[in-house]
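Note sheet for the following structure.
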Amino acid sequence: SVTESRRWLVVGMSSRNRLYCGDFLLADSISSFSLSLENGFLCYVTAGSRCILRFLSLHDLCTFDPLLGADGNHFLDGYEPRNVERGSRLVAVLAQKPTVVLQMPRGNLEIIYPRALVLRHAMLGTQERRYKETFELMRRHKVDLNLIVDMDPYHFLEGGGVTSLVEQIESIDHLNL
């Protein structure tokens with residue numbers, strides 16, 4: 001029998017706006033955070049003079065060794081960060097779309113499409129052979145379309161991926177890209 005080892009992660013924000021994972025300080029000044037289990041990210045917005053939306057992989061956070069410190073754990077840099085307006089707060093990270101909802105300092109809500117989530121959704125769509133949806137997402141967000149082939153070149157070229165792509169994408173102009 002295969003036993004699955006589970007590890008509990010405790011992530012929280014202190015009253016002084018510090019983000020902790022267990023006893024380890026991840027960020028010393030944040031405005032808000034969210035755990036997105038569906039996307040596999042811990043997302044948080046830094047506070048201060050330069051506000052940034054950051055993404056840390058939950059898988060990397062599970063394998064995190066606090067004894068190595070910040071120098072030995074390069075994942076603390078996270079995926080591609082995104083600059084946000086000063087005073088922004090993270091409201092939600094949607095599971096079905098590569099979308100983050102932010103509350104701006106004036107109170108209005110804005111939806112953004114961070115590159116880290118767009119790439120994750122594009123890779124998942126390619127693996128699941130949903131080429132039309134993935135192609136449109138990548139085209140809209142200016143992601144290199146070679147990613148569709150590069151994810152699994154053998155399946156794409158020899159296993160029927162090209163045929164499936166041509167069948168799913170109806171516009172000849174899109175295929176000419």
Side-chain angles (χ1 to χ4, degrees), residues 1-7 9 11 26 32-46 50-64 73-85 88-104 108-177:
S1 81
V2 177
T3 59
E4 181 182 327
S5 68
R6 292 185 173 231
R7 181 172 176 207
L9 284 177
V11 178
L26 293 175
S32 54
F33 78 97
S34 176
L35 281 170
S36 177
L37 298 177
E38 298 85 6
N39 291 307
F41 286 118
L42 165 65
C43 311
Y44 65 94
V45 177
T46 60
R50 187 167 177 228
C51 296
I52 299 173
L53 175 62
R54 294 194 173 273
F55 300 89
L56 296 179
S57 167
L58 290 178
H59 174 58
D60 291 341
L61 202 55
C62 286
T63 60
F64 171 66
N73 291 296
H74 299 288
F75 84 92
L76 292 176
D77 297 333
Y79 291 83
E80 291 187 45
R82 166 121 182 204
N83 292 331
V84 294
E85 188 176 332
S88 298
R89 296 184 57 84
L90 183 61
V91 175
V93 180
L94 302 183
Q96 301 303 320
K97 294 183 180 182
T99 306
V100 171
V101 180
L102 295 171
Q103 182 177 10
M104 296 294 123
N108 56 320
L109 297 177
E110 287 191 13
I111 295 175
I112 61 170
Y113 299 88
R115 194 135 183 101
L117 291 180
V118 169
L119 289 174
R120 174 160 170 74
H121 280 265
M123 290 188 304
L124 285 174
T126 301
Q127 288 173 348
E128 295 170 359
R129 314 296 185 232
R130 292 181 284 120
Y131 293 118
K132 180 179 181 180
E133 175 186 325
T134 303
F135 180 85
E136 290 171 358
L137 175 75
M138 293 171 72
R139 191 165 177 256
R140 186 179 321 118
H141 295 286
K142 297 181 174 96
V143 175
D144 188 358
L145 295 172
N146 287 327
L147 180 66
I148 293 174
V149 178
D150 294 341
M151 286 291 298
D152 188 358
Y154 177 77
H155 176 272
F156 188 78
L157 298 173
E158 304 291 331
V162 173
T163 305
S164 181
L165 175 78
V166 171
E167 289 171 352
Q168 290 181 32
I169 298 176
E170 297 149 356
S171 172
I172 192 71
D173 291 332
H174 291 165
L175 290 175
N176 287 335
L177 289 175

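Along the sequence shown, residues carry numbers from 1. Note that these values count all heavy atoms, side chains included, but never hydrogens, waters or copies made by symmetry.
- Expressed to the nearest 0.5 Å, how far CE of M104 lies from CZ of R89 amounts to 12.0 Å.
- Distance CG/L165 to CZ/F156: 4.5 Å, rounded to 0.5 Å.
- Partners of E167 under the side-chain hydrogen bond (donor to acceptor under 3.5 Å, both in side chains) rule, at least two apart in sequence or in another chain, do not exist in this structure.
- The line from SG of C43 to CZ of R82 is 13.0 Å long, rounded to the nearest 0.5 Å.
- In this structure, I169 CD1 and R139 CZ are separated by 9.5 Å, a value rounded to the nearest 0.5 Å.
- A heavy-atom distance below 4.5 Å is not found between the side chains of H121 and E133.
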Run the numbers on L124 and Q127 for side-chain contact (heavy atoms from CB on, under 4.5 Å), then give the verdict. CA-CA 5 Å; L124 285 174; Q127 288 173 348; 3.8 Å; yes
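- Shown here for Y44 and L26, the closest heavy-atom pair between the two residues is OH-O, 4.5 Å.
- The two residues F33 and L90 come nearest to each other via the heavy atoms C-CD2, 3.9 Å.
- Here H141 pairs with Y113 under the ring-ring contact (aromatic ring centres under 6.0 Å, His included) rule; sequence neighbours left out.
- Residues P114 and P98 come closest through the heavy atom pair CD-O, 3.9 Å.
- For the atom pair CG (L137) and CZ (R140), the distance works out to 6.0 Å, reported to the nearest 0.5 Å.
- In terms of heavy-atom proximity, P81 sits nearest to I52 at CB-CG2, 3.3 Å.
- In this structure a side-chain-to-backbone donor-acceptor pair under 3.5 Å is present from N39 to L94.
- Looking only at distances, no side-chain donor or acceptor of S164 sits under 3.5 Å from a matching main-chain atom of G160.
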Under the criterion side-chain contact (heavy atoms from CB on, under 4.5 Å), I'd like the reasoning laid out for L42 against L9: C-alpha separation, chi angles, the key distance, then a yes or no. CA-CA 11 Å; L42 165 65; L9 284 177; over 6 Å; no
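- Here I112 contributes atom CD1 and L102 contributes atom CG; the two are 4.5 Å apart, rounded to the nearest 0.5 Å.
- Not one N or O on the side chain of E80 forms a donor-acceptor pair closer than 3.5 Å with the backbone of R115.
- Counting heavy atoms of neighbouring residues, nucleotides and ligands inside a 6.0 Å radius, atom CD of E128 exceeds 12 of them.
- When every heavy atom of A116 is checked against every heavy atom of F55, the shortest pair comes out as CB-CD1, 3.9 Å.
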Practice prompt. Go through V93 and E38 one step at a time and tell me if the side-chain contact (heavy atoms from CB on, under 4.5 Å) criterion holds.
Written response: CA-CA 9 Å; V93 180; E38 298 85 6; over 6 Å; no
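- Within the 4.5 Å cutoff, side-chain heavy atoms of L147 are placed close to those of M123.
- Under the side chain to side chain donor-acceptor pair (under 3.5 Å) criterion, the residue pairs touching residues 147-159 are R129-H155, with sequence neighbours excluded.
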